[in-house]
2 protein chains.
Amino acid sequence: MGTVLPKMKDVAALAGVSIKTVSRVLNNEPHVQHAVRERVQAAVTELGYVPSKSARSLRGSRSYSINMMCHSSRSNYVNTIQFGAVIACQQRGYQLTISLIDTVEEKSATDFRDELKILMARSSPDGVILVAPFADDPVVLQVFDELAIPVARIGPSLGPEGRVRVGINEREAAFEVTTHLLELGHTRIGFVRGLENQAVTEERFQGYKAALLEKGLKPDAKHVRKGRFDFRSGVRAAEKLLALEPAVTAIFASNDDMAAGVMMLANRQGVKVPEDLSIVGFDDSEIAENMWPTLTTVRQPLQQLGEVAALKLIETLGQSVPPVIPPTILPHKMIVRQSTAKVRTPV
Amino acid sequence: MGTVLPKMKDVAALAGVSIKTVSRVLNNEPHVQHAVRERVQAAVTELGYVPSKSARSLRGSRSYSINMMCHSSRSNYVNTIQFGAVIACQQRGYQLTISLIDTVEEKSATDFRDELKILMARSSPDGVILVAPFADDPVVLQVFDELAIPVARIGPSLGPEGRVRVGINEREAAFEVTTHLLELGHTRIGFVRGLENQAVTEERFQGYKAALLEKGLKPDAKHVRKGRFDFRSGVRAAEKLLALEPAVTAIFASNDDMAAGVMMLANRQGVKVPEDLSIVGFDDSEIAENMWPTLTTVRQPLQQLGEVAALKLIETLGQSVPPVIPPTILPHKMIVRQSTAKVRTPV
DNA sequence: ACAAAATTTGACACCGTTGTCAAAATCGAG
DNA sequence: CTCGATTTTGACAACGGTGTCAAATTTTGT
């Protein structure tokens with residue numbers, strides 16, 4: 001009931017050892033006799049003792065918290081990754097905290113750096129998980145270098161630098177879905193790009209181009225539209241692509257939200273999907289199955305991405321100087337649903 | 001570059017006062033001369049000093065963190081509330097942490113209580129924000145009472161107890177959309193309930209019933225289906241409701257995801273929306289605008305709900321014994337889009 | 001069986017802040 | 001101008017752990 005929380009000295013008293021020995025057991029340090037270790041552990045569970053995070057981090061200068069930095073957490077992408085990260089952190093006894101910060105573009109770079117530094121000083125995490133649009137931002141990476149806070153980057157360009165990186169092979173995935181469309185007989189395939197400040201935008205585009213070239217087709221600039229990863233920009237891109245003469249017979253949108261926009265416009269204009277127009281997306285977010293017809297897309301293991309990023313990050317916290325770590329590439333998978341079909345009238 | 005983080009004594013030295021005085025200034029305590037206060041503040045900003053959270057919370061037994069407890073953060077509802085909560089916390093210098101925990105149903109009640117207690121001991125938040133399905137859970141509320149951790153509940157049943165509560169008037173909102181359908185001439189209006197362990201499910205249903213009764217219509221049990229707040233259960237409910245003889249001419253789903261399911265099924269069966277069937281949802285989540293036709297729904301100010309909950313919670317942390325607080329009711333708004341229209345053939 | 005080496009254990013300082021309490025400075029009244 | 005009341009200030013302990021280092025204990029070698 002109203003019993004006070006047990007402290008280390010209570011555990012020590014119950015086990016008949018010194019405080020320091022309890023500390024050693026809790027931190028899995030060597031130099032404790034097996035029998036003593038067991039006695040202490042029994043005392044811990046009996047009292048339901050949980051070490052005080054603040055005391056621990058004050059002396060040990062580790063906060064046992066990981067921060068996930070986002071621009072906005074309101075997207076399936078960020079949200080699902082976050083979900084995976086929370087699970088991993090919880091499992092390892094870490095706490096996940098969320099920080100929101102505006103992108104560099106919305107303010108001056110110095111303001112941004114200052115704000116970021118204050119934010120980090122406040123939460124003083126042991127490590128930070130970066131997702132788009134920060135995973136590729138040189139200013140952000142530099143600040144964390146200066147603060148000597150380890151970062152894990154999700155879905156970044158796979159450069160050679162020595163930080164924890166987790167992602168999928170974006171280019172290959174884009175190559176696969178494009179090839180899927182080509183094999184269905186499509187030759188005029190529209191492509192909707194994502195936000196230009198994100199590395200994945202170019203990666204996916206490269207995959208698209210490579211697939212066309214492999215089949216001996218020349219990429220046509222008219223078939224490529226810019227997008228912003230949101231529903232609305234998908235609608236706008238589709239307007240242009242369907243107005244072409246001759247129009248495209250398939251559209252590859254760089255994510256599902258834009259694909260949903262494409263589909264909405266097709267529905268509205270009476271263009272039949274997939275008979276007159278095949279559509280593919282990217283991400284396999286919830287919306288992909290919740291539209292009609294359901295969307296062919298690429299499944300990114302988002303939750304797993306978050307989990308692995310958090311685990312790898314926590315793992316590196318022990319090492320004093322993190323070695324150069326090869327990027328972890330998780331497998332993606334093309335999910336063929338109803339929005340793609342053989343082209344009707346091959347020209 | 002590699003300068004160490006400034007500590008309180010550095011600030012004290014620069015301002016020419018004692019450490020304690022700096023502490024007083026930072027905590028807005030009285031008994032500091034105006035001039036001294038300014039001098040200290042100047043020193044703080046000059047050094048870019050940020051107090052150490054761990055030291056603070058160790059001595060002061062406040063952690064400056066708020067925990068948001070969810071079952072799964074992967075829904076627009078939870079996600080948007082979380083977004084608002086992060087904003088509010090950040091603004092007040094608090095940190096938002098996320099905890100995931102399985103519902104009571106998935107394990108024994110004692111296990112649940114133990115797990116919850118350990119989770120809270122680990123993160124030791126100053127307060128907790130509860131959302132569905134925990135906001136109404138008596139076991140959860142009891143545990144927090146025992147631990148003496150203040151909670152803020154979002155969207156709960158509006159009982160008389162003295163905790164921070166934030167929500168909208170669910171019943172009235174449901175009353176309004178139902179009335180909207182009635183005024184369009186609909187008389188056979190289907191209703192899809194939500195998860196039965198959540199208070200809002202009954203609240204919205206009561207609003208639906210009240211609207212029918214007010215227009216002199218008798219609620220028909222055949223027109224009411226259970227649901228689980230997800231796309232799939234919306235599809236299933238619609239199958240049943242559209243198979244009725246005579247079929248319903250409108251369906252009110254208790255949330256947007258289920259409404260999307262209803263719409264998908266209608267599209268698939270060739271039932272024209274809104275000509276043959278009007279559909280309304282609830283929440284105004286992103287999906288509402290990202291379907292075709294766009295969805296008439298009720299806008300819940302989810303982000304604001306999260307913000308207000310966090311702010312009110314932080315506010316009460318000062319008071320030693322939180323007084324009985326009246327619930328905060330935020331305004332909702334019916335958003336009429338394309339999915340509702342006059343009934344075609346009034347029977 | 002005894003000294004040296006290795007292992008196990010505990011006393012104590014310390015991390016950076018806030019609470020307590022007494023000292024110092026200022027103010028007001030007679 | 002002095003004395004008590006009040007305001008302002010600072011010295012010091014304390015929060016609950018971990019790091020250091022020395023003491024106690026056990027093991028090893030001869």
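In what follows, chains are A, B, ... by sequence order, proteins preceding strands, each numbered from 1.
Distance B/Leu58 CG to C/dC15 P: 14 Å, rounded to the nearest Å. The CD atom of A/Glu29 sits 15 Å away from the P atom of D/dC21 (whole-angstrom rounding). Rounded to an integer number of Å, the gap from B/Arg62 CZ to D/dG16 C1' is 19 Å. Atom pair A/Asn27:CG and D/dG16:P shows a separation of 17 Å (rounding to whole Å applied). Atom-to-atom, CG of A/Leu26 to P of D/dG19 comes out at 13 Å; the value is rounded to the nearest Å. The CD1 atom of A/Ile19 sits 11 Å away from the P atom of D/dG16 (whole-angstrom rounding). Rounded to whole Å, atom P of D/dG17 lies 12 Å from atom OH of A/Tyr64. In this structure, A/Arg39 atom CZ and C/dT9 atom C1' are separated by 12 Å, rounded to whole Å.
Looking at A/Asn67 and A/Arg122, their side chains never bring a donor and an acceptor atom within 3.5 Å of each other. Side-chain contact check for A/Gln95 and B/Gln95: no donor-acceptor pair (N or O, by modelled atom type) lies under 3.5 Å. Donor-acceptor pairing under 3.5 Å is recorded for the side chains of B/Tyr94 and B/Arg62.
A salt bridge does not link B/Asp137 with B/Arg153: none of the charged nitrogens is closer than 4.0 Å to a carboxylate oxygen.
Closest to the B/Gln33 side chain, of the nucleotides D/dT18, C/dG19, D/dT9, is D/dT9. When distances are taken from the side chain of B/Arg24 to each of C/dT18, C/dG10, D/dG10, the shortest belongs to D/dG10. When distances are taken from the side chain of A/His31 to each of C/dT7, D/dG17, C/dT17, the shortest belongs to C/dT7.
For B/Gly60 and B/Val36, each mapped to the nucleotide of DNA chain D holding its nearest heavy atom, the one lying further toward the 5' end belongs to B/Val36. Residue A/Thr21 is the one, among A/Arg59 and A/Thr21, whose nearest nucleotide of DNA chain C lies closer to the 5' end (criterion: closest heavy atom).
Applying the 4.0 Å criterion to OP1 and OP2 of D/dG17, one finds that A/Tyr49 has a side-chain N or O inside that range. Residue B/Ser52 has no polar side-chain atom (N or O) positioned under 4.0 Å from OP1 or OP2 of C/dG16.
A/Lys20 comes within 4.0 angstrom of a base, heavy atoms only.
Put simply, the side chain of A/Ser124 never gets that close to the backbone of A/Met120: no donor and acceptor are under 3.5 Å apart.
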